Number of protein chains: 2
Amino acid sequence: MTEVVRRSDRTRSAILAAARERFAADGFERATIRAIAADANIDPSMVMRYYGNKERLFAAAAEFDLRLPDLGAVPRTRTGRVLVTHFLDRWEEDETLQLLLRTASTNQAAVERMQTIFASQLLPAVAALHPPSTEPADIARRAGLAAAQILGLALCRYVLRLPPVVTMDRETVLDWVAPTVQRYLTGTPGSSGRRG
Amino acid sequence: MTEVVRRSDRTRSAILAAARERFAADGFERATIRAIAADANIDPSMVMRYYGNKERLFAAAAEFDLRLPDLGAVPRTRTGRVLVTHFLDRWEEDETLQLLLRTASTNQAAVERMQTIFASQLLPAVAALHPPSTEPADIARRAGLAAAQILGLALCRYVLRLPPVVTMDRETVLDWVAPTVQRYLTGTPGSSGRRG
DNA sequence: CTTCGATGTCAACACGCGTTGGCCTACACT
DNA sequence: AGTGTAGGCCAACGCGTGTTGACATCGAAG
């Protein structure tokens, strides 16, 4: 079974790239099959041929891997900084995260994708920071709080474009936000962050 | 000039209430004039008569006042807790905030409304915590960070419905998030919160 | 009682959408 | 050269939308 490169593969990926761009920019409803097809320089009916319908095209475009590092392998006091840095990178190199954030407000499929990514990618990464005996609810809460902070930052920076949040350079963001995430991951409610 | 109560006022406000509900639940595009009119038990053309078009109806439905307390009047170490408490109340008693959060992802008007609310309501409230000589950029950054944390919490709790964030009771949320906001408002990047 | 504006209904328009099916074209294989 | 098939285009469908204008009804003022 050698992998044959079909001629259609180029078209398929052109459609997917255009779809990601349009969905990220306009959301699910306002991104039209016609516009996506035009961006990919093909006929709208091709989109249907390859992806069946708009929903399935969206599902394909919303496929996403956070590629989280192994948080257990970095110094415990630096996990917050590492995680926030990683997310900033990911936001800026792959528009799929913006796509999900934009569409999740109106699209149930996107919400479910977000929930899945949270449960299957972020949660295990946070769990790696704590002994197996730790209460699952504790770990889940920590992951949820970290997600809230990180997604809120992305929302204000990339979607709402609140001027002061857009202007802040990477280092400033890290200096302020990393300690917060650090506390959520390994600290206690009132404290600044260090704990066993 | 006595205020005359027109018979149409009931209809107007019925439309507005239905519009808020639909926009909050479905977003701008999927909330249809027909559905809103049906909820208000009137004809779709009435909506046009009273609000002109869908955009203006949305603008009317998205009118919002945060009703922020005077942060200068509460003990300095409790501003974080007060602010987060106030937002939790506001989220739950007035669906307009959810409406804005949901629609801002796809609707430019909602984005601008959010930016305006930030600049004209949150920013001054934060400014009241600092001497007039404070750098405006510093105040804006603090307000932006607080907004990111609070909106991220709302996003995960009310829109994405991440289970651990939904489950957390009010007190737990406050114990974790209030110190963060406190630090953003009055602390320094690395610290836990107290400063002049 | 008549009149007239405010309030509300009905039917229809034009448009853009997702989606479909038939047709054309190019290329690999015999 | 002939043929089968994958890749691609075109024109059209049915539908729901925002929006419009003509018509009905109510309630107060003359």
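Heavy-atom basis, side chains included; hydrogens, waters and symmetry copies ignored. Residue numbers begin at 1 in each chain, while the letters A, B, ... track the order of the sequences. Source: prediction; values computed, not measured.
- In terms of phosphate contacts, A/T11 brings no side-chain nitrogen or oxygen within less than 4.0 Å of OP1 or OP2 of D/dG7.
- You'll find that the side chain of A/R49 is closest to D/dG8, out of D/dT17, D/dG8, C/dT19.
- Closest to the side chain of A/T32, from the set C/dG18, C/dT9, D/dC9, is C/dG18.
- The side chain of B/R34 lies closest to D/dG18, out of D/dG18, C/dT19, C/dT9.
- Between B/F23 and B/F58, the ring planes lie perpendicular to each other; the angle is over 60°, past the 30° to 60° tilted range.
- Comparing D/dG8, D/dT20, C/dT19 by their nearest atom to the side chain of A/M48 picks out C/dT19.
- As a whole-Å value, the separation of A/K54 NZ from C/dT19 P is 8 Å.
- Listed nucleotides: C/dT19, D/dG7, C/dT9. Nearest to the side chain of B/I42: C/dT9.
- If you check every strand for non-hydrogen atoms under 4.0 Å, A/Y51 touches nothing.
- The separation between B/E29 atom CD and C/dG18 atom P is 12 Å, rounded to whole Å.
- Backbone-only engagement by B/A31 is indicated by non-hydrogen atom pairs under 4.0 Å involving sugar-phosphate atoms exclusively.
- We find that B/R170 and B/D89 are joined by a salt bridge, their nearest charged nitrogen and carboxylate oxygen being less than 4.0 Å apart.
- Every residue meeting the side chain to side chain contact (heavy atoms under 4.5 Å, CB included) condition with B/P75, not counting sequence neighbours, appears here in chain and number order: B/R78.
- Minimum atom distance to the side chain of A/M46 is reached by D/dG8, of the listed D/dG8, C/dT19, C/dG21.
- When each of C/dT19, D/dG18, D/dG21 is scored by its nearest atom to the side-chain atoms of B/S45, the top-ranked nucleotide is D/dG21.
- A heavy-atom distance below 4.5 Å is not found between the side chains of B/I15 and B/R12.
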